[in-house]
Amino acid sequence: MIPFLNLHKINRPYEKAFKQSFDKFLASGYYVLGSAVKEFEKQFAAYCGVKHCVGVGNGLDALTLILKAYIKLGKLQKGDKVIVAANTYIATILAVKQAGLQPVLVEPDEKTFNLNPAAVEKHLDRSVKAVLVTHLYGKLADMITLRKISNKNNLLLLADAAQAHGAEDVNGNKAGSLADAAGFSFYPSKNLGALGDGGAVTTNNNKLATVISQLRNYGTSSKYVNDYVGVNSRLDELQAGFLLEKLPNLDKDNTRRRAIAKRYLSEIKNEKIKLPFWDGSENHVFHLFVVRVKNRAEFCGYLEKNEIGFLIHYPIPPHRQKALQAFSNCNFPFTEKISQEVLSIPMSPVLKEEEVSKVIAILNAY
């Protein structure tokens, strides 16, 4: 059996370092917002090429706190509209809702599945104040065009970078530095994954970083002094220590992911299977390798029979979820089409060449 993702195998090389990190954590007697969080924030900010990183509880909170902080700073107001891709993971939309803002869903680009700049322009009106981009599956959206649109229309450009740790644009700028602010998740399955929940916000905006740092910790500016109605969403000290051990290998792991993707793209040759678009640059870190098939149920059965792991990202689009019934009358034909056809095949830096070869052979024999 080739599993879709083997987290134990991914983390096995770090077990000794993790135990040492835990011992250091335990001996410190300081378990919340301690030295490990501060050091990770420093290192991840430097890695992304930004001034600030603020560690928070998870990726959803990262996005929500960005939006809430902009409301506190007067850059957004409750009820303002935020454009998001209709095919994103629901967390992106939940963040907008939880901040008291209105999500405006638009169809993605049919080649990349990322937010379509042309669709963004078509949906602009006076109530739209921000664009929240998802770098879906690990591929950067067209940030150059989206930045031009945002600047021209005085919009905030924000990013859900939860799947894109380490992705770089043509100028070598990394995800996390391409928007006014970006939210990351360190959920265990991410390219940079902790051993539990975790998240962060990256930004070059000094005021925004300060407000988010306060909001994540009950809205406090100093102990027992509360400036805002905040929340409790702090990056766990222990998880920060684990992330510090893994961060130095992130680029190497992403390089391995790209090498596997190159093999998949060049060696999978089956007219029944549509492969993803990639221009070969470092703008994709292949958090997921997503193919499309017409008869997905049959294909899933075939993979199960041949012991090839898979997952579906995502089988139900946000506007068809019970949680978002306000969008149930919306019409997003491409989003619905791909939700019925997409399937993610094994992709991780610990896949062996013979396992990659087997996946390719099985898919070609379908």
Side-chain angles (χ1 to χ4, degrees), residues 3-28 31-50 52-62 135 137-140 159-168 174-177 182-202 233-261 282 284-289 346-352:
F4 171 72
L5 185 65
N6 188 334
L7 288 177
H8 182 256
K9 190 174 181 181
I10 286 174
N11 287 303
R12 189 182 300 152
Y14 301 99
E15 286 182 4
K16 183 178 179 180
F18 285 165
K19 290 173 182 177
Q20 291 173 342
S21 178
F22 176 78
D23 289 342
K24 182 179 178 182
F25 159 81
L26 191 63
S28 73
Y31 307 136
V32 177
L33 293 182
S35 59
V37 169
K38 291 176 183 176
E39 183 60 25
F40 177 74
E41 289 174 335
K42 176 183 175 182
Q43 290 194 24
F44 195 64
Y47 176 83
C48 293
V50 295
H52 305 285
C53 168
V54 183
V56 298
N58 52 71
L60 172 58
D61 285 357
H135 302 310
Y137 308 148
K139 186 184 188 308
L140 293 179
D160 178 346
Q163 300 182 6
H165 313 69
E168 295 184 11
K174 281 188 165 67
S177 69
F184 285 88
S185 166
F186 304 119
Y187 188 76
S189 63
K190 304 299 185 184
N191 290 34
L192 179 61
L195 301 188
D197 276 319
V201 174
T202 56
S233 181
R234 303 171 293 217
L235 177 61
D236 184 77
E237 180 74 5
L238 184 59
Q239 299 302 334
F242 295 157
L243 290 167
L244 280 167
E245 299 297 337
K246 297 178 75 172
L247 179 59
N249 290 323
L250 177 56
D251 285 343
K252 182 183 75 173
D253 288 347
N254 285 340
T255 297
R256 174 61 184 151
R257 288 173 181 270
R258 292 190 192 101
I260 295 168
E282 296 189 354
H284 206 325
V285 291
F286 288 97
H287 170 60
L288 300 170
F289 192 95
M347 168 58 75
S348 83
V350 296
L351 275 179
K352 297 178 181 178

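The residues of the chain are indexed from 1 along the displayed sequence.
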I'd like to know if the side chain of [X] and the backbone of [Y] have a donor-acceptor N/O pair within less than 3.5 Å.
X	Y	answer
Arg257	Phe289	no
Arg258	Phe286	no
Ser233	Gly57	yes

Least distance between heavy atoms, [X] atom then [Y] atom:
X	Y	result
Ala167	Gly138	CB-O, 3.9 Å
Ala200	Ala62	O-CB, 3.5 Å
Leu351	Pro346	CD1-O, 3.6 Å
Leu288	His284	O-CE1, 4.3 Å
Lys38	Leu33	CE-O, 4.3 Å
Gly55	Glu41	N-OE2, 2.7 Å

* Candidate pair Tyr47 and His165, rule side chain to side chain contact (heavy atoms under 4.5 Å, CB included), full reasoning -> CA-CA 10 Å; Tyr47 176 83; His165 313 69; 5.6 Å; no
* How about Asn191 and Asn254: does a side-chain donor come under 3.5 Å of a side-chain acceptor? -> yes
[X] versus [Y]: any side-chain heavy-atom pair under 4.5 Å?
X	Y	value
Asp251	Lys174	yes
Phe184	Cys53	no
His135	Asp160	no
Ile10	Leu5	yes

In residues 14-27, what donor-acceptor pairs under 3.5 Å come from side-chain atoms, sequence neighbours left out?
residue	atom	partner	partner atom	Å
Tyr14	OH	Asn249	ND2	3.0
Glu15	OE2	His8	NE2	3.4

Using a 3.5 Å cut-off and no angle test, enumerate the donor-acceptor pairs between side-chain atoms of residues 237-246 and protein atoms at least two apart in sequence or in another chain.
residue	atom	partner	partner atom	Å
Glu237	OE1	Gly34	N	2.7
Glu237	OE1	Val37	N	3.3
Glu237	OE2	Ser35	N	3.1
Glu237	OE2	Ala36	N	2.7
Gln239	OE1	Leu195	N	2.8
Gln239	OE1	Gly196	N	3.4
Lys246	NZ	Asn11	OD1	2.8
Lys246	NZ	Gly193	O	2.8

* Might you confirm whether atom OH of Tyr187 has over 12 heavy atoms from other residues, nucleotides or ligands at distances under 6.0 Å? => no
* Counting only heavy atoms not in Lys252, do more than 12 fall under 6.0 Å of its NZ? ->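 At most 12 heavy atoms, drawn from other residues, nucleotides or ligands, come within 6.0 Å of this atom.
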* To do: Starting at CG of Leu247, measure out to CG of Asp253 and round the result to the nearest 0.5 Å.
  =>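 Leu247 atom CG to Asp253 atom CG measures 10.5 Å (nearest 0.5 Å).
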* Asked: Just how far is it from atom CG of Leu7 to atom OG of Ser348, taken to the nearest 0.5 Å?
  -> 8.5 Å
* Asked: Partners of Glu282 by salt bridge (charged side-chain N to carboxylate O under 4.0 Å, His left out), sequence neighbours excluded?
  -> none
